[in-house]
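Everything below concerns the one structure shown next.
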There are 2 protein chains.
Amino acid sequence: MTVKDVCEEFGITADTLRYYERVGAIPKVARTKGGIREYDAEAIGWVRNAVCLRKAGVSVEAIAEYVRLFEMGDETLKDRLELLIGERNGLKTQLDELTAAVELLDWKISRYQEAVETGVLSWEKNE
Amino acid sequence: MTVKDVCEEFGITADTLRYYERVGAIPKVARTKGGIREYDAEAIGWVRNAVCLRKAGVSVEAIAEYVRLFEMGDETLKDRLELLIGERNGLKTQLDELTAAVELLDWKISRYQEAVETGVLSWEKNE
DNA sequence: GCTTGACTTGGAGTCAACTCCATGTTGTAC
DNA sequence: GTACAACATGGAGTTGACTCCAAGTCAAGC
């Protein structure tokens, strides 16, 4: 697969894809003789990994650190495990905060729907 | 309540608190004669709102827009409702992406725990 | 073999959201 | 009444994550 194919598949730009490679969030991608990137299944797996984690807010730096450890081989298994646990815990916290915000918005929305439909404001202040 | 109290309460810096006010993510805060900010219950409600939404990733700009509409009065009820619904939908999407990432990490973590405990790598590639 | 669109690199630019700084003021404790 | 921490302002600086650009190379169609 080419850069364009991968970008379309994951909904990112070519610049972003190359940026991920440049900073190590995905390993160096194999090239054709002419120097054109050629993504095989494994490379695409790495892109999927990076895109999935980035969408959840994991930093490019943390993703790159995982890739770096991965490439160092089996002696970094424990380090990788710790890294993953740390990131997972961060995401769990983020999930709680996100859920709280959705609840806040849902509550406000229900009040506003009332207000818009009935013309009556059934609450005070800004809550 | 003073700047310091509010910061401690919400775990943000004084600079951030003043920044939120400056860009309108919270309304202008009342001052003492000497010009010192004094947060009453309502002001604190606005800070809570801003902090909660920011933690979930809602942009400062969107929060400020809500505040702006709020201060324009009842004629903006519908606009505010639409704004809230848009933001809520964005957060729901974000929640899905976050959940997917947590699942990915949980799966990897379970594999790594196996590998670290047994010394056996029970999977191929980078998955 | 020429056009054309997609690709290459290195480096600079942009944007949101802080974060820091200089310089001065306020107000509580002694 | 003086020391000192916390406050004020305006503006500059930083950070992370892209995003754009210039100048050139590659390759599929005609």
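In what follows, every chain begins at residue 1, and chains take the letters A, B, ... in the order their sequences are listed.
What separates OH of A:Tyr39 from C1' of C:dC7 is a distance of 11 Å, to the nearest Å. Rounded to whole Å, the distance from OH on A:Tyr19 to P on C:dT8 is 18 Å. One interatomic measurement links the two molecules: CE of A:Met1 to P of C:dC7, which rounds to 12 Å at whole-angstrom precision. Distance CG (A:Leu17) to P (C:dA6): 16 Å, rounded to an integer number of Å. Put simply, CD1 on B:Ile36 is 8 Å from P on C:dT26, counting in whole angstrom units.
Within the 4.0 angstrom heavy-atom criterion, only backbone atoms of the sugar-phosphate kind lie near A:Arg54; the bases stay farther away. Contacts of B:Arg18 with the nucleic acid, taken as non-hydrogen atoms under 4.0 Å apart, include base atoms.
Here the side chain of A:Glu65 pairs no donor or acceptor atom with the backbone of A:Ala25 at under 3.5 angstrom. The backbone N or O of B:Met72 sits nowhere less than 3.5 Å from a side-chain atom of B:Thr76 that would complete a donor-acceptor pair.
Of the residues near DNA chain D, A:Gly35 and A:Tyr20, the one whose nearest nucleotide (by heavy atom distance) lies more toward the 5' end is A:Tyr20. Where B:Ser59 and B:Lys33 meet DNA chain C, the nucleotide closest to each residue was compared, and B:Ser59 sits on the side nearer the 5' end.
At most 12 non-hydrogen atoms from other residues, nucleotides or ligands lie less than 6.0 angstrom from CD of A:Glu61.
A donor N or O paired with an acceptor N or O is not found under 3.5 Å between the base of C:dC18 and the side-chain atoms of B:Asp15.
The phosphate of C:dT25 has neither OP1 nor OP2 within less than 4.0 Å of any side-chain N or O from B:Arg37. Of the side-chain N and O atoms in B:Thr16, none sit less than 4.0 angstrom from OP1 or OP2 of C:dA17. OP1 or OP2 of C:dT9 lies within a sub-4.0 Å distance of a side-chain N or O belonging to A:Arg31.
Ring orientation note: the planes of A:Trp46 and A:Phe70 are nearly perpendicular, at an angle over 60° on the 30°/60° scale.
For A:Trp107 and A:Tyr112, the ring centers are positioned 6.0 Å apart or more.
Here the range on DNA chain D touched by chain B, meaning any atom under 4.0 Å from one of its heavy atoms, is D:dA6 to D:dT9.
Listed candidates were C:dC7, C:dT19, C:dT8. Nearest to the side chain of A:Thr2 is C:dC7.
Listed by first and then second residue, the side-chain hydrogen bond (donor to acceptor under 3.5 Å, both in side chains) pairs that reach into residues 11-31 of chain A are A:Thr13-A:Thr16, A:Glu21-A:Arg31, A:Glu21-A:Arg37, sequence neighbours excluded.
Between the side chains of B:Thr99 and B:Asp96, no donor-acceptor pair of N or O atoms lies under 3.5 Å.
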